[in-house]
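Only one structure is covered here, and it is reproduced in the block below.
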Amino acid sequence: MKAFGHRRATRMDEADALVELDIPTPVPGPRDVVVEIRAVSVNPVDTKLRSMDPPDNEPRVLGYDAVGTVVATGGQVRGFRAGDRVFYAGSAQRQGSDARFQAVDERLIALAPKTLSDAEAAALPLTSLTAWELLFDRLGVTLGQMENPDAILIVGGAGGVGSILTQIARRLTGLTVIATASRPETIAWCLEMGAHHIIDHRRPLDQELARIGLPQVRYVAGLTASGEHRDAIVRSLAPQGALALIDDPGEFDIMPFKRKSLSVHWEYMFARPMFETPDMQVQGRILGQVASLVEAGLLKTTLHDMLGPITIANLRRAHELLESGRGIGKAVLCGFE
């Protein structure tokens, strides 16, 4: 079958940064479904993995967001059947979704929202899981507690995770939501996603919070440049507050967080599938809740850039957009030529 990925660590300025692969159509394991892919979106994990050699020198298919139709199921699968339209992020330990067909563990998938197109739904899985786990599992915010005097600062509000985290925090908690953005178009996007306030991450975050009359917050979501903002984050957090971060700062000394008894949490969406944790099925349940919230009109797609069909050229455009740091929301590809 046709698939897209890489054979070695590459940069986007190299001709073989992404290549077309001809690999066997997957056969489902006992708990797998095989999905015929309709739409995919691109995430920073795609560019990170592309910059590293694949394991065992085997070609790696990239892609960790998908919408498609179940065409086959393993012997132990009970929750899904052929013909189901599903969405998911999958596992970074398996071949990805930039392919005609993909095998994925049934515990990681859910029925796709009926009210969204394939492209609109493909924008959501990985970022929704990341945002949900960050907010409710890592920071310990109570889902549905709408009377809440606390605030959350989302650093990088216009990105894929920031876009859906803003919506979840605004619609499903009583938190005051402050997002960071620096361009007119990203400011407008963050407001559209539901942020109460916008501050400029090109300036010290604590000074920006003071400017809007909220000198300290209970929670910070560090989605980008966490190392650069570390000292300002410490100043911005109220005593006994909490930071959850998802990016990869080269160094991140947490000693400055001690004096205020601040907690620091890492959110990595792939941890559950990577280690096949006993609660691995929670990811499928989260996606099911997200789908229900979309269908109820409480959450909406974060699709911003529709890049055309799933081709080498369009995947290159998506990777380049991500690496430029100027992307807004999610970039999606739909259908095969």
Side-chain angles (χ1 to χ4, degrees), residues 26-37 40-41 43-46 48-49 54-56 60-82 84-99 101-113 121-143 160-161 164-165 168 172 221 244-246 248 265-294 299:
V27 175
R31 301 206 65 172
D32 289 344
V33 302
V34 174
V35 177
E36 183 174 9
I37 302 298
V40 299
S41 68
N43 295 282
V45 65
D46 294 78
K48 290 175 185 176
L49 290 179
D56 303 320
R60 175 161 49 200
V61 180
L62 296 170
Y64 304 96
D65 264 332
V67 172
T69 304
V70 175
V71 295
T73 59
Q76 296 178 20
V77 173
R78 298 293 180 265
F80 300 91
R81 59 185 180 181
D84 284 343
R85 178 173 173 261
V86 297
F87 75 148
Y88 56 88
S91 168
Q93 272 58 57
R94 303 184 69 173
Q95 295 288 35
S97 57
D98 293 344
F101 298 92
Q102 182 185 17
V104 61
D105 193 297
E106 69 162 334
R107 290 169 288 183
L108 302 177
I109 72 177
L111 296 176
L124 291 174
L126 187 148
T127 53
S128 295
L129 287 166
T130 300
W132 193 285
E133 291 180 355
L134 182 151
L135 189 62
F136 300 123
D137 294 348
R138 311 299 166 235
L139 293 179
V141 176
T142 301
L143 172 63
V161 175
I164 192 64
L165 177 57
I168 292 171
L172 306 182
L245 61 161
I246 68 170
D248 299 313
H265 308 261
W266 286 99
E267 162 55 24
Y268 184 55
M269 187 228 78
F270 288 119
R272 280 174 163 137
M274 176 184 292
F275 297 101
E276 296 190 4
T277 59
D279 65 348
M280 181 171 155
Q281 72 278 2
V282 166
Q283 292 206 332
R285 293 175 188 166
I286 292 171
L287 288 176
Q289 289 178 278
V290 169
S292 296
L293 291 163
V294 168
L299 300 177

Taking all heavy atoms of [X] and all of [Y], pick out the closest pair and write down the distance.
X	Y	result
Ala121	Pro113	CB-CD, 4.1 Å
Pro28	Gly74	CB-N, 3.8 Å
Asp84	Gly79	OD2-O, 4.5 Å
Leu134	Ala221	CD2-CB, 3.9 Å
Ser97	Ala66	CB-CB, 3.6 Å
Gln283	Pro273	OE1-CD, 3.7 Å

Hey, does the side chain of [X] reach the backbone of [Y] with a donor-acceptor pair shorter than 3.5 angstrom?
X	Y	answer
Glu267	Met269	yes
Arg81	Arg78	no
Asp46	Leu62	no
Gln281	Arg107	no

Can you confirm whether [X] sits close enough to [Y] that some side-chain heavy atom of one is under 4.5 Å from a side-chain heavy atom of the other?
X	Y	result
Phe87	Asp65	no
Ile37	Phe101	no
Val104	Arg94	no
Ile246	Thr130	yes
Val34	Val70	no
Thr127	Leu165	no
Val35	Val71	no

State the [atom1]-[atom2] distance between [X] and [Y], to the nearest 0.5 angstrom.
X	Y	atom1	atom2	result
Leu126	Ser41	CG	OG	7.5 Å
Gln93	Asp105	CD	CG	12.5 Å
Leu139	Glu133	CG	CD	12.0 Å
Ser128	Gln289	OG	CD	11.5 Å
Leu172	Leu299	CG	CG	5.5 Å
Arg31	Gln76	CZ	CD	6.5 Å

Checklist entry - Do Tyr64 and Phe270 have their ring centres less than 6.0 Å from each other? => result yes

Checklist outcome for this item: Exactly one of Leu143, Val141, Thr142 clears side-chain contact (heavy atoms from CB on, under 4.5 Å) with Leu135, and that residue is Val141

Checklist outcome for this item: The single option from Val67, Leu111, Val33 that satisfies side-chain contact (heavy atoms from CB on, under 4.5 Å) with Val86 is Leu111

Item to check | Tyr88 and Gln102: side chain donor to acceptor below 3.5 Å | outcome: yes

Item to check | Lys/Arg N to Asp/Glu carboxylate O, Arg60 vs Asp98, below 4.0 Å | outcome: no

Checklist entry - If you measure from the Lys or Arg side-chain nitrogens to the Asp or Glu carboxylate oxygens, is any gap between Arg272 and Asp137 under 4.0 Å? => result yes

